[in-house]
Novice: 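This is the structure I have questions about; it appears just below.
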Protein chains: 2
Amino acid sequence: MADLWEVISDSNRRQLVQLLGQGEKTVTQLSAHFPVSRSAISQHLLFLVDVGLIRARKEGRNRYYSLNPEGVSKLQGLFERFWTNELDLLVAEAEQLHHNKGEM
Amino acid sequence: MADLWEVISDSNRRQLVQLLGQGEKTVTQLSAHFPVSRSAISQHLLFLVDVGLIRARKEGRNRYYSLNPEGVSKLQGLFERFWTNELDLLVAEAEQLHHNKGEM
DNA sequence: CGAATGCGTTAGCGTACGCTAACCTATTCA
DNA sequence: TGAATAGGTTAGCGTACGCTAACGCATTCG
């Protein structure tokens, strides 16, 4: 199966996730936000379904896509496991550096 | 310039970031953790330097790589901006689903 | 000094990715 | 019933990616 990390390596896919965060949408509605073809968006959506991040509901001739809470949760899990305590410490360090700069 | 998102789209690069979270390391030390060639690791490191996530310090014939706090901070910023409130709500929803399952 | 070590550089290879174009199916509407 | 709409499917294209192999350049050590 495809890698969940791959989802967010592509800019269009990230934006699709964001758009679907607002609620379910059809392919045509989603496509309207992108310069690429509807086919390209459709392929991205199928990929997102494949990795379990979204799901589809059919109604008439429309297909409504929406985020799958379990998939979103899994994605968050990936992030959390990647973002170790050491990295957090470094971020705190960076903020302190900026703080000092601001005071000089 | 290269995209910071690209950093984490590759498994080896993610692991490099994790390893460097433990402290500065040479190319050879890092390479020891991977099945690919030292050259491949070197190229990944140069890429990470390019996007500002790590930096190098030369000492004798060794080059010590370490995380750049500012770069790490930027990466965290990307994550945070991507992870909208809507996604958080969905994760809470997913957890509630699991909770209910566990109680049944 | 010459050998060995650490590391960057480059060319080139295989492959996967993102996309378009063209086509096909299912559903709705006049 | 036929046209229009929504959307999945497939072939194929260009390109970028990750990697190896071979080499070059410092630096250290015997």
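This one's a predicted model, so the numbers in the text were calculated from it and none came from an experiment. In the text below, chain A, chain B and the rest are named by the order of the sequence lines, each starting its count at 1.
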Novice: Closest heavy-atom contact between Phe82(B) and Leu87(B)?
Specialist: O-CD1, 3.8 Å
Novice: Heavy atoms only: give me the nearest Lys25(A)-Gln22(A) pair and the separation to one decimal.
Specialist: NZ-OE1, 3.5 Å
Novice: Quick one: Arg38(A) CZ to dA21(C) P, roughly how many Å, whole number?
Specialist: 12 Å
Novice: Considering non-hydrogen atoms only, spot the tightest contact between Val49(B) and Tyr65(B) and give its length.
Specialist: CG2-CE2, 3.7 Å
Novice: Give one of base, sugar-phosphate or nothing for Tyr65(B), where a contact means two heavy atoms less than 4.0 Å apart.
Specialist: sugar-phosphate
Novice: Do the side chain of Ser39(A) and the base of dA21(C) come within less than 3.5 angstrom through a donor-acceptor pair of N or O atoms?
Specialist: yes
Novice: Phe47(B) ring centre to Arg13(B) NZ or CZ under 6.0 Å, with the angle to the axis within 45°?
Specialist: yes
Novice: Please give me the minimum heavy-atom distance between Leu30(B) and Phe34(B), naming the atom from each residue.
Specialist: O-CD1, 3.1 Å
Novice: Nearest heavy-atom pair of Arg81(B) and Gln18(A): which atoms, and what distance?
Specialist: O-NE2, 4.1 Å
Novice: Can you tell me if Arg63(B) touches the phosphate of dG8(C), counting only side-chain N or O atoms and a distance under 4.0 Å to OP1 or OP2?
Specialist: yes
Novice: At how many degrees, to 10°, do the end axes of the helix from dC1(C)-dG30(D) to dA30(C)-dT1(D) meet when each uses five pairs?
Specialist: 10°
Novice: For a 4.0 angstrom threshold against heavy atoms of chain B, report the outermost contacting nucleotides of DNA chain D in 5' to 3' order.
Specialist: dC17(D) to dC29(D)
Novice: Check the hydrophobic clustering (I, L, V, M, F, W, Y; side-chain heavy atoms under 4.5 Å; chains of links allowed) and say if Leu48(B) and Tyr64(B) are grouped together.
Specialist: no
Novice: Can you confirm whether the side chains of Ser11(A) and Gln15(A) place a donor and an acceptor under 3.5 Å from each other?
Specialist: no
Novice: Write down the atom of Lys58(A), the atom of Gly60(A), and the distance for their closest heavy-atom approach.
Specialist: CE-O, 3.9 Å
Novice: OH of Tyr64(B) versus C1' of dG6(C): gap in Å, rounded?
Specialist: 11 Å
Novice: When you match Glu59(A) and Leu46(B) each to their closest nucleotide on DNA chain C, which lands nearer the 5' end?
Specialist: Leu46(B)
Novice: Between Gln43(A) (CD) and dA21(C) (P), how many Å, whole number?
Specialist: 13 Å
Novice: Within residues 5-18 of chain A, which residues have any heavy atom lying less than 4.0 Å from an atom of DNA chain D?
Specialist: none
Novice: Any idea which of dT27(C), dA21(C), dT10(C) is nearest the Lys58(A) side chain?
Specialist: dT27(C)
Novice: Tell me whether Phe79(A) is reachable from Val17(B) by hopping between hydrophobic residues (I, L, V, M, F, W, Y) whose side-chain heavy atoms are closer than 4.5 Å.
Specialist: yes
Novice: Taking a hydrophobic cluster as the set of Ile, Leu, Val, Met, Phe, Trp and Tyr residues connected by side-chain heavy atoms closer than 4.5 Å, whether directly or through intermediates, do Leu89(A) and Ile54(B) fall within one such cluster?
Specialist: no
